[in-house]
Amino acid sequence: MNQFAIAAMGTDRPGIVAAVGEAILGVGGNIDDSSMTILGGHFAMLLVVQVEGDADQLESTLRPVAEKFELMLEVRTAAMHPFSDVDRDDYVVAAYGPDKPGLVSTISRVLAGADANINDFGSRLGADHTFAMWFNVSLAEGTDTAALGEQLRAEGRDLGLDIRLYRAEVEDL
Amino acid sequence: MYPDARLKTECDPVELPLDDATRAIARDLLDTMDSFPGCVGIAAPQIGALVRIVAIDVSGHKKAVSDHGRRVLVNPVIVSRGAERVKMREGCLSIPDFTGNVTRAESIVVEAVGLDGAPQRLECDAYEARVVLHELDHLDGLLFLDRVQHARDVFPRKRYQ
Ligand SMILES: [Zn+2]
């Protein structure tokens, strides 16, 4: 078995995930990991799958589905975990304030400058134009979290953002 | 209402014994709570007073287990938290844009001074514990958005109901 990453994007409608899933199952593949989202009616999905054959074969398997649903499709051979988060501490950066351009770029640049890896990121825009975002990050070893928190708050102040850096809580239930 | 900076400010303790100004804030809190149907708690910074006072009232609420009725808590402090933590969807009068899933302690013990100036010790659980924890966060300049761990746990809504 070989591992591949599949990216698909298009206008959302019912049946896309089912069609892609069936096509993968039809060639004996297995979905190892997946993420899907819809923003403003745009559907986007990233899958990591294991299946026999090469990327071209997998792409031709999925091509009819992509054409039917008018999806942009990309298939790549997946390198196994090129970036390891093992032994990195997980933190949350919550930032919110009145919406304006530059909020995401400024905060993510500060995180990149601290060698923090963003593992997950999402935002929400409220009806009253509050923009709120959460970065789930792994901090580099030896990161001074108090200093990074202060740096984030300082950058945020200039943008009207309220920012808090805190350790992600694990619920052992 | 957010982004009013008073919602992001740590509040000062109330000086004891209680004076008329403090009692006026407490009355204002109760009146404000009463003016919003279904409102189960409110904190002084939500009405622009940067002091450590909250009002709660979960009486009759279907999710309430412990129920200490209508209370004003001055200088409230959480003295213990149970180990069990639960996730529940919260909203807030002061930031009507969103609701969000927040994980909090299922049971707490809170100590405070009452409106009569006497010390109080409340054992709260379930819905009442959540209300107290949410309101106490306001006294530290924290909104429920500061407790959320992921954007997936936040839901935009049109208008506060
Ligand atoms: Zn609130």
Side-chain angles (χ1 to χ4, degrees), chain A residues 34-41 44 89-100 103-104 107-108 118-139 149-150 152-154 156-173, chain B residues 1-11 45-46 50 81-107 130 133-134 136-161:
Chain A
S34 61
S35 183
M36 185 216 108
T37 194
I38 300 165
L39 292 178
D89 281 337
D90 283 332
Y91 279 80
V92 181
V93 177
Y96 53 90
D99 190 31
K100 68 171 85 154
L103 304 181
V104 174
I107 301 313
S108 54
I118 298 171
N119 302 320
D120 212 335
F121 165 69
S123 63
R124 295 287 185 266
L125 181 61
D128 293 326
H129 305 287
T130 301
F131 183 81
M133 56 186 165
W134 288 265
F135 296 90
N136 295 85
V137 299
S138 300
L139 300 183
E150 189 41 57
L152 287 164
R153 275 190 297 278
R157 261 192 297 276
D158 296 339
L159 291 161
L161 274 185
D162 288 298
I163 304 189
R164 186 165 173 252
L165 169 71
Y166 47 99
R167 187 186 275 269
E169 283 188 73
V170 178
E171 303 300 330
D172 289 319
L173 301 174
Chain B
M1 292 272 270
Y2 188 80
D4 189 318
R6 287 173 293 189
L7 289 167
K8 295 299 299 175
T9 306
E10 195 175 331
C11 297
Q46 295 183 275
L50 296 178
R81 290 164 204 268
E84 189 189 346
R85 295 167 61 77
V86 287
K87 203 185 232 191
M88 199 187 277
R89 186 102 158 241
E90 295 185 15
C92 179
L93 280 174
S94 296
I95 180 144
D97 290 55
F98 307 109
T99 61
N101 291 323
V102 182
T103 303
R104 298 190 190 269
E106 166 71 4
S107 62
R130 175 159 300 260
L133 290 167
H134 176 111
L136 262 63
D137 269 354
H138 277 301
L139 304 183
D140 293 322
L142 295 176
L143 302 176
F144 74 87
L145 296 181
D146 293 295
R147 298 283 184 200
V148 164
Q149 303 219 18
H150 199 284
R152 276 192 292 268
D153 282 323
V154 177
F155 310 89
R157 62 175 166 188
K158 289 201 168 69
R159 287 286 177 262
Y160 194 86
Q161 286 140 26

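The analysis underlying the following values was restricted to heavy atoms, covering all of them including side chains, and did not include hydrogens, waters or symmetry mates. Reminder, nothing fancy here: chain letters follow the sequence lines and each chain counts from 1.
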With a 4.5 angstrom heavy-atom cut-off, could you sort out which part of T130(A) is near chain B: side chain, backbone, both or neither?
both

Output side-chain donor-acceptor pairs under 3.5 Å for residues 156-166 of chain A, partner residues at least two apart or in another chain, one line each.
{"residue": "R157(A)", "atom": "NH2", "partner": "E150(A)", "partner atom": "OE2", "Å": "3.3"}
{"residue": "D162(A)", "atom": "OD2", "partner": "Y2(B)", "partner atom": "OH", "Å": "2.7"}
{"residue": "R164(A)", "atom": "NH1", "partner": "D146(B)", "partner atom": "O", "Å": "2.5"}
{"residue": "Y166(A)", "atom": "OH", "partner": "D146(B)", "partner atom": "O", "Å": "3.2"}
{"residue": "Y166(A)", "atom": "OH", "partner": "V148(B)", "partner atom": "O", "Å": "2.2"}

Note: vs chain B, highest number of non-hydrogen pairs under 4.5 angstrom among A94(A), S123(A), G97(A) is G97(A)

If we only count heavy atoms from C-beta on, is the D90(A) to N136(A) side-chain gap below 4.5 Å?
no

So does R147(B) pair up with E90(B), basic N to acidic O under 4.0 Å?
no

Are T99(B) and R89(B) close enough that a side-chain donor and a side-chain acceptor fall under 3.5 Å?
yes

For L142(B), which atoms come within 4.5 Å of any heavy atom of chain A: side chain, backbone, both, or neither?
side chain

